Amino acid sequence: MGGEGADMGEPGEGGEESGGEPLKVAVVHPFQQNGCLPGKEIEHSSCSTPLVAESDVELGSGVPSFPNLEEHPEVEAMLSSSTSGSKLTTRLSKRRLVVLAIFSLYSLVNAFQWIQYSILTTIFIEYYNVSTSQIDWLSMAYMVTYIPLIFPATWLLDIRGLRLTALLGSGLNCLGAWIKCASVQRNLYPVTLLAQIVCSVAQVFILGLPSRIASVWFGPKEVSTACAVAVLGNQLGTAIGFLLPPVLVPNTADDMDLMGYNIRNMFYGTAAISTFLFILVAFVFKEKPKYPPSQSQAVLLNVSTEDHSYIKSIVNLFKNVPFVLLLISYGIMTGAFYSVSTLLNQMIDSHYKGEEVNAGRIGLTLVVAGMVGSVICGLWLDRTKTYKQTTLIVYILSFVGMIVFTFTLDCGHLIVVFVTGGALGFFMTGYLPLGFEFAVEITYPEPEGTSSGLLNASAQIFGIIFTLIQGKLTTDYNPRAGNIFLFVWMFIGIILTALIKSDLRRHNVNSGINVDAKSTPVDSNTEDGLNKIVSKSPSETKI
């Protein structure tokens with residue numbers, strides 16, 4: 001990944017500008033509406049006079065200046081406060097790759113801890129002598145905990161930033177892993193439940209970060225790919241969670257001591273890795289690069305924090321009808337994925353007795369295929385910026401994949417289930433970063449962590465509902481009944497996605513179309529609802 005003409009390092013890191021001098025960006029102040037004087041209406045592109053001092057022309061901004069500021073006293077007053085020190089350098093820091101890698105790794109461990117119980121449902125039922133529903137709750141704890149904590153978590157990310165949020169996420173993940181080590185006794189199910197709750201709290205400080213890290217650290221030509229890689233870390237953790245636990249903890253029902261020994265080894269290994277990653281976050285993870293990586297980030301740097309309100313941001317998001325449609329459709333898709341992942345072991349066991357290891361491998365196939373889909377979708381978005389079209393197509397293909405998986409599950413050939421599960425995973429989990437990036441585009445300049453957090457909250461709510469209902473249908477009837485329930489809902493999600501109006505606000509800024517960097521709700525009932533804040537012609541202003 002890389003940006004054209006961007007410096008790949010921060011000062012002091014030995015990076016040089018690949019295109020010569022650093023790109024100078026004259027940042028538009030929030031009160032500059034459509035590049036015109038306050039109170040002036042846009043009539044024609046020739047009427048809009050950008051508020052840029054004459055000295056700015058030397059920077060190659062390509063905009064006209066005021067040759068006689070005395071004739072425009074209001075401009076002179078505004079320029080004195082808004083243009084001084086507003087010329088920013090956009091560069092790509094080498095550290096961005098390290099930040100992305102560290103985040104992806106501790107997100108991986110958190111996802112591994114989520115799925116490690118579900119894929120060993122039979123074993124943990126025998127070891128702790130509990131019911132199936134009690135083991136299911138070890139997975140659903142991640143969903144239940146997320147819902148009440150999402151607002152304080154996104155508020156903290158919005159106010160205190162990436163570094164503190166990353167420390168909390170990796171630190172709680174580490175703490176939960178060590179509590180699990182103390183829970184390996186047959187009468188200590190409540191302790192392992194407590195440990196899983198701690199890990200689920202850590203997840204609250206993890207799931208909303210991919211789009212925020214991508215926007216803050218990566219350039220416009222790599223932001224979607226970076227988001228996909230950040231999400232990929234979580235998916236890879238789920239994949240490893242499907243693969244390793246059945247190998248590390250085989251079903252030794254006739255020897256509970258050996259079973260406990262194997263569980264303990266798995267827990268201690270997870271705790272050691274979690275501790276190492278927490279130390280890395282503490283010493284390496286940085287809040288943000290010295291220079292903004294894109295014009296959209298440069299614009300936000302010039303917005304006064306006094307103009308920002310977390311409550312107002314939440315209200316604006318819920319007034320944004322396209323975002324609300326995406327919120328529901330994303331929740332349906334991701335909730336269905338959570339439900340299928342949680343109940344996969346039971347679905348496979350229902351038709352293929354004694355195939356716990358293969359159930360894990362099918363889960364691995366599903367997630368690994370999804371990881372490939374995520375990266376491909378990220379690269380495609382960076383290249384084409386076709387957010388709505390790509391999201392809708394992937395949603396439809398996920399729906400088709402769910403139908404095929406449902407009606408081939410009981411065919412009697414595991415190889416067929418591997419193939420259909422892989423196809424389902426390619427589209428279903430490949431959809432996850434699409435939702436994040438689409439949300440950031442249609443809600444800019446609202447904080448990325450807030451929109452991502454709400455998407456994840458929706459996913460958790462639908463995940464809980466779907467898991468409970470699909471689990472009940474699977475137990476009382478068969479896996480097909482539960483899967484039919486899911487793809488009916490996915491069809492509703494397709495309809496909602498098709499209704500989303502695509503306004504790529506962040507892309508407009510990065511393309512040179514001026515967007516006012518104030519939080520403004522979108523009125524989807526008016527076709528030109530964003531005309532208040534978006535200049536229709538890129539030639540009218542340069543950022």
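Numbers for residues simply follow the sequence, beginning at 1. Computed over heavy atoms, backbone and side chain alike; hydrogens, waters and symmetry mates excluded. Computed from a predicted structure; not experimentally measured.
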Problem set entry | Minimum side-chain heavy-atom gap Lys180-Ile263 below 4.5 Å | no
Exercise. Are the side chain of Thr334 and the backbone N or O of Gly331 linked by a donor-acceptor pair below 3.5 Å?
Worked result: no
For this session: Taking atom CZ of Arg383 as the centre, report whether more than 12 heavy atoms of other residues, nucleotides or ligands fall under 6.0 Å from it.
Result: no
Problem set entry | Distance-only polar pair, side chains of Glu446 and Ser451, donor-acceptor under 3.5 Å | no
Problem set entry | Side-chain (Glu126) to main-chain (Ala253) donor-acceptor, under 3.5 angstrom | no
Problem set entry | Atom of Pro245, atom of Leu120 and distance for their closest heavy-atom approach | CB-CD1, 3.5 Å
Problem set entry | Leu248 CG to Asn262 CG distance, which is reported to the nearest 0.5 Å | 8.0 Å
Problem set entry | Atom pair OG1/CG of Thr474 and Asp349 - distance to nearest 0.5 Å | 12.0 Å
For this session: May I ask you to check whether Trp114 and Ser139 show a side-chain donor-acceptor distance below 3.5 Å?
Result: yes
Problem set entry | Heavy-atom closest contact (Asn173 atom, Ser274 atom, distance) | ND2-OG, 3.9 Å
Exercise. With a 4.5 Å heavy-atom cut-off, do Met266 and Leu244 have their side chains touching?
Worked result: no
Exercise. Is there a side-chain contact between Trp137 and Thr132 (heavy atoms, below 4.5 Å)?
Worked result: no
Problem set entry | For Leu167 against Ala282, the heavy-atom pair lying closest together | CD2-CA, 3.7 Å
Exercise. Is there a donor in the side chain of Ser183 and an acceptor in the side chain of Tyr189, or the other way round, less than 3.5 Å apart?
Worked result: no
Seminar exercise, completed: CZ (Phe438) and CG (Leu392) are apart, to the nearest 0.5 Å, by 9.5 Å
Exercise. Any donor-acceptor pair under 3.5 Å linking the side chain of Arg186 with the backbone of Tyr128?
Worked result: no
For this session: For the pair Phe267 and Tyr117, name the ring-plane relationship: parallel under 30°, tilted 30 to 60°, perpendicular over 60°.
Result: tilted
Exercise. Is there side-chain contact between Phe427 and Ile396, with at least one heavy-atom pair below 4.5 Å?
Worked result: no
Problem set entry | Heavy atoms from other residues, nucleotides or ligands near CG of Asn129 exceed 12 (cutoff 6.0 Å) | no
Going by atom type alone, with no hydrogens or angles, which donor-acceptor pairs under 3.5 Å involve a side-chain atom of residues 491-500 and a protein atom two or more places apart or on another chain?
unit_1: Thr497; atom_1: OG1; unit_2: Gly493; atom_2: O; d: 2.9

For this session: Could you check if a side-chain atom of Leu454 sits within less than 4.5 angstrom of a side-chain atom of Leu317, using non-hydrogen atoms only?
Result: yes
Exercise. Between Asn110 and Gln203, what is the shortest heavy-atom contact and its length?
Worked result: OD1-CB, 3.4 Å
Exercise. Does a side-chain heavy-atom distance below 4.5 Å link Tyr330 with Asn456?
Worked result: yes
For this session: Determine the minimum heavy-atom distance between Ser398 and Leu424, stating which atoms define it.
Result: O-CD1, 3.7 Å
Exercise. Rounded to the nearest 0.5 Å, how far does CE of Met428 lie from CZ of Phe405?
Worked result: 9.5 Å
Problem set entry | Test item: side-chain donor near acceptor, Ser374 and Gln235, under 3.5 Å | yes
Problem set entry | salt bridge (charged side-chain N to carboxylate O under 4.0 Å, His left out) assessment of Arg96 paired with Glu222 | CA-CA 11 Å; Arg96 75 195 192 284; Glu222 57 184 17; 2.9 Å; yes
Exercise. How far apart are the closest heavy atoms of Arg480 and Phe407, and which atoms are they?
Worked result: CZ-CD2, 3.6 Å
Exercise. Between Trp155 and Thr450, do the side chains contain an N or O donor and an N or O acceptor separated by less than 3.5 Å?
Worked result: no
For this session: Would you confirm whether the ring centroid of Phe337 sits within less than 6.0 angstrom of the ring centroid of Tyr431?
Result: no
Exercise. Where do Phe485 and Phe466 land on the ring-ring contact (aromatic ring centres under 6.0 Å, His included) test, with the steps shown first?
Worked result: CA-CA 8 Å; Phe485 167 79; Phe466 288 171; 5.6 Å; yes
For this session: Among Leu156, Val201, Ile206, Leu157, find the residue that satisfies the side chain to side chain contact (heavy atoms under 4.5 Å, CB included) test when tested with Leu168.
Result: Leu156
Exercise. Just checking, is any N or O donor in the side chain of Asp136 or Gln346 under 3.5 Å from an acceptor N or O on the other one?
Worked result: yes
For this session: For Thr121 and Ser118, indicate whether the former's side chain and the latter's backbone hold a donor-acceptor pair under 3.5 Å.
Result: yes
Exercise. Any luck finding a side-chain donor-acceptor pair between Thr386 and Trp380 under 3.5 Å?
Worked result: yes
Problem set entry | Intermediate values then yes/no, side chain to side chain donor-acceptor pair (under 3.5 Å), Asn320 and Thr443 | CA-CA 8 Å; Asn320 186 328; Thr443 63; 5.9 Å; no
Exercise. Is the closest side-chain heavy-atom distance between Thr406 and Met402 below 4.5 Å?
Worked result: yes
Exercise. Within a strict 4.5 Å, meaning less than it, do heavy atoms of the Leu409 and Pro479 side chains meet?
Worked result: yes
Exercise. When you check the gap from the basic side-chain N to the acidic O, do Lys385 and Glu437 get nearer than 4.0 Å?
Worked result: no
